[in-house]
Amino acid sequence: MQTAHQRLEKVQTLICNAARRAGRTPRDVRLIGASKAQPAAAIRELAMLGIREFGENFVQEALQKQADLADLDLVWHFIGRIQSNKTAEIAAHFDWVHSVDRIKIARRLSQQRPAARRPLNLCLQVNIDNEPSKAGMELDSVDELAHAVSQLPGVRLRGLMAIPQPADDPTEQRRPFAQLRAALERLNARGLTLDTLSMGMSADMDAAILEGATMIRIGTALFGPRHR
Ligand SMILES: *Cc1c(COP(=O)(O)O)cnc(C)c1O
């Protein structure tokens with residue numbers, strides 16, 4: 001059984017090596033602990049080791065952990081599917097949302113963001129492999145949605161997110177990430193100023209960093225197996 005410290009060291013070494021190979025600075029790759037199905041105590045342990053950003057998939061589960069960890073100064077990312085009856089809680093209790101894939105949700109998050117808070121940081125989720133019934137919008141619709149979302153006052157569009165199909169081969173892993181990066185570059189060439197590529201999980205973070213990931217969402221490699 002590995003300790004949290006050992007797992008974190010492994011992940012950090014992997015980030016450093018991948019960043020170096022890509023000619024990037026490791027600091028430009030933000031590590032988000034994907035903490036779904038992990039207890040608050042496991043998040044606290046990683047927080048004590050210096051990880052401050054965590055991603056949750058389920059609102060109720062996240063709010064409970066946020067309450068348990070209220071003494072810590074953490075940054076919370078919502079990375080799960082968004083039901084429209086949950087947008088008010090998401091707008092109030094998160095700093096980032098990575099999984100926006102329709103204008104209706106973006107509008108609600110913008111309207112419901114408490115006025116005293118800074119605009120909510122958003123990424124648009126792209127269904128990069130065009131998988132049926134998978135979350136995320138088609139790549140073809142990104143331009144239109146990105147420009148619409150960038151007009152909303154309560155949110156700040158930061159970039160794109162994707163969860164590609166699992167692949168074993170490193171070259172295969174890189175292809176969808178390269179497509180997402182190209183999509184971000186196209187949006188920026190058309191007047192947006194997006195700085196975030198949220199891509200890469202435990203099994204493909206190396207490929208994602210090589211293709212320019214600025215945020216990686218790491219669950220099992222950081223926490224060990226999920227308790228559910
Ligand atoms: C669970 C999850 C992750 C992390 O997955 P691992 O393979 O455990 O690293 C990342 N992103 C999202 C959206 C997830 O739901």
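For ligands, and for the atoms within them, numbers begin at 1 and follow the listed sequence. These numbers come from the heavy atoms of this one structure, side chains and all, not from hydrogens, waters or symmetry mates.
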For [atom], closest protein heavy-atom neighbour:
| atom | result |
| --- | --- |
| atom 12 (C) of ligand 1 | Ile79 CD1, 3.6 Å |
| atom 6 (P) of ligand 1 | Ser202 OG, 3.5 Å |
| atom 10 (C) of ligand 1 | Met201 SD, 3.2 Å |
| atom 11 (N) of ligand 1 | Arg217 NE, 2.9 Å |

Heavy atoms from other residues, nucleotides or ligands near CD of Glu144 exceed 12 (cutoff 6.0 Å): no

Looking at Asp168, I'd like to know if its CG atom is crowded, meaning that more than 12 non-hydrogen atoms belonging to other residues, nucleotides or ligands lie closer than 6.0 Å. no

Quick one: does Met205 get within less than 4.0 Å of ligand 1, heavy atoms only? no

Sidechain N-carboxylate O distance under 4.0 Å for Arg117, Asp95: yes

Pair Asp71 + Arg44, salt bridge at N-O below 4.0 Å: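 The answer is yes: the pair qualifies as a salt bridge.
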
Would a single hydrophobic cluster contain both Val100 and Ile128, if residues Ile, Leu, Val, Met, Phe, Trp and Tyr are joined by side-chain heavy-atom contacts under 4.5 Å?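 The answer is yes; both residues are in one hydrophobic cluster.
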
Near [X], which atoms of ligand 1 are under 4.0 Å from a heavy atom of that residue?
| X | value |
| --- | --- |
| Asn57 | 14 (C), 15 (O) |
| Ile218 | 9 (O) |
| Lys36 | 1 (C), 2 (C), 3 (C), 14 (C), 15 (O) |

Would you indicate whether the side-chain heavy atoms of Glu56 and Gln66 approach each other to under 4.5 Å?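 Not in contact.
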
Are any of the side-chain heavy atoms of Leu197 and Glu211 separated by less than 4.5 Å? no

Where's the contact between [X] and ligand 1, heavy-atom distance under 4.0 Å: side chain, backbone, both or neither?
| X | value |
| --- | --- |
| Thr220 | both |
| His98 | neither |
| Ala34 | side chain |
| Ile163 | side chain |

In Å, rounded to the nearest 0.5 Å, how long is the span from CG of Leu160 to CG of Leu157?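 Nearest 0.5 Å value for the CG-CG distance: 7.5 Å.
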
Working to the nearest 0.5 angstrom, can you tell me the gap between Lys65 NZ and Leu74 CG?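 Output value for this atom pair is 12.0 Å.
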
Any N or O on Ala203 sitting closer than 3.5 Å to an N or O of ligand 1? no

